[in-house]
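First comes the structure, then the notes that go with it.
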Amino acid sequence: MNLYSKKQRLKILLLFFAVMIVGASLWYSNFIVNQIRNEERLKVELWSEAVKKRLTLINYTEKLFEEMRKEERLKINHWAQAMARVLLSEDSKEILFLQDIIVNNNSIPVLIVDEKNRHITSRNFPEDLGDQPQSVIDSLTAAMGAQYKPIKIEFAGLRQRVFYKDSRLITDLEHTLDDLINSFISETVMNSGAVPVIFTDSTKTEVLLSANVDTTLISDSIALSEKLKNLAASNEPIQVRFGDRVTNYIFYSESIILTTLRYYPYVQIIIIGLFLFIAYLIFSTFRNAEQNQVWVGMAKETAHQLGTPLSSLMAWVQLLEARGTDKETIEELNKDVNRLETITDRFSKIGSTPELSPVDVAALMRRAADY
């Protein structure tokens, strides 16, 4: 087995180990990426479930409000009937019972007006409405009538309307619910971690809140629409509905870190390949440089070895010339000796920096043609 075959086998063995190392590195990188992807997907699923659970709680609270409003309207109906009957009843026991119903309303604001919308009586308002101008009564009845349909009562040929609005208890609880909803929206976006999240309205065009998303993208409607399509394609949007209110949507996708890690193995392959290519170029350059040094050494050694017989030939030519040998023969011998001397000089200059000098091209061509 020659040296060349040994080198070839060694190269194949090294290439095999390099491929094994690269393959093991890529496998481990993909393993880590898959682990992170699975953990992040589990976190997103848990986050989505938490969103739905909290949403269920808020919707349940909204249903409780609806039940409380129904009960309050029923109370106002009873209160209005008590107001109508207390003036007509002649039974003292019934009058006491009706007065208890009227007096026990300590929380629901109630306003009774006549056919011309003039104030008759009111209850549970912070100010006395009897001293207020008619314009205040008109605006108040308009606002209360827009919230709840007034209750009509008739007695002794008189027609009156009863306006009311939510009690202080429902109003305070509703403010608390609004704070809870706002806190829910903010925490929903903030607790998404590194996951890009966009919280939109029911039309999916207006962004209410966002996290881990470029703000310039949100201001561009076309780019935003394209982004929402991509997010919806990767994960189905989560519907957020607060009771009977409009439905909002939560769009989300994989985190930037996971997206980066997904392409990391391919980047690693390119970097390793580039490294191996550069290493091969450096190795080839060094090998060629070593070969050139060997050739330079051989050329200089050849020039050195040619110097000894060349000197002997020059001496023999001088000896022949001294013995009267034919001049034409001597000239031909000198030409050959000069050519050998030129070749020896060229060999000795291999590997050294050439010294440039101006030359007459015409004379050089004539000498080449004569030769």
Side-chain angles (χ1 to χ4, degrees), residues 1-29 260-261 263-371:
M1 184 181 297
N2 56 24
L3 182 62
Y4 180 77
S5 298
K6 289 182 178 180
K7 287 185 177 181
Q8 287 296 108
R9 291 193 175 185
L10 181 60
K11 289 179 181 179
I12 294 173
L13 184 62
L14 291 176
L15 179 61
F16 173 76
F17 279 112
V19 172
M20 290 293 294
I21 293 172
V22 171
S25 178
L26 292 177
W27 175 84
Y28 187 69
S29 298
T260 304
L261 288 175
Y263 296 103
Y264 172 74
Y266 303 102
V267 176
Q268 190 179 28
I269 291 175
I270 295 174
I271 293 175
I272 293 175
L274 184 61
F275 172 78
L276 293 176
F277 178 71
I278 294 175
Y280 175 78
L281 289 180
I282 294 174
F283 176 77
S284 298
T285 301
F286 286 161
R287 183 182 61 185
N288 292 332
E290 290 178 358
Q291 291 178 350
N292 291 334
Q293 290 295 329
V294 171
W295 288 114
V296 168
M298 291 179 63
K300 291 183 178 296
E301 181 64 21
T302 302
H304 176 71
Q305 295 298 328
L306 286 176
T308 300
L310 181 62
S311 300
S312 178
L313 287 175
M314 293 174 65
W316 280 109
V317 170
Q318 291 178 359
L319 180 62
L320 291 174
E321 185 178 2
R323 290 181 177 180
T325 307
D326 185 13
K327 290 184 178 181
E328 185 177 355
T329 302
I330 297 300
E331 289 179 358
E332 292 298 327
L333 288 174
N334 281 327
K335 289 180 181 180
D336 292 333
V337 169
N338 290 334
R339 282 195 290 271
L340 287 174
E341 188 175 7
T342 300
I343 294 172
T344 303
D345 183 64
R346 290 177 179 174
F347 268 90
S348 64
K349 289 181 179 179
I350 291 177
S352 60
T353 304
E355 297 180 1
L356 302 180
S357 60
V359 176
D360 187 355
V361 178
L364 181 63
M365 295 301 295
R366 279 196 299 271
R367 286 198 301 272
D370 292 341
Y371 176 75

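If you take OG1 on T285 and CG on N292, they are separated by 10.5 Å, rounding to the nearest 0.5 Å. Expressed to the nearest 0.5 Å, how far CG of D360 lies from CE of M365 amounts to 11.5 Å. The distance from the CG atom of L13 to the CZ atom of F17 is 5.0 Å, given to the nearest 0.5 Å.
Within the 3.5 Å criterion, the main-chain N or O of E341 finds no donor-acceptor partner in the side chain of D345.
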Inset, instruction - Apply the test side-chain contact (heavy atoms from CB on, under 4.5 Å) to residues Q291 and N288: give CA-CA distance (whole Å), side-chain angles for both, the deciding distance (0.1 Å), then the verdict. - result: CA-CA 5 Å; Q291 291 178 350; N288 292 332; 3.8 Å; yes
Legend entry - side-chain contact (heavy atoms from CB on, under 4.5 Å) between L333 and T329, intermediate numbers included: CA-CA 6 Å; L333 288 174; T329 302; 4.2 Å; yes
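Using a 4.5 Å heavy-atom threshold, the side chains of K335 and N338 count as separate.
The minimum heavy-atom distance between E321 and I330, with the atom names listed, is N-CD1, 3.8 Å.
With L313 as the fixed residue, the side-chain contact (heavy atoms from CB on, under 4.5 Å) test singles out one of T308, V337, D336, N334: V337.
Crowding of R346 atom CZ: a count of heavy atoms from other residues, nucleotides or ligands under 6.0 Å not exceeding 12.
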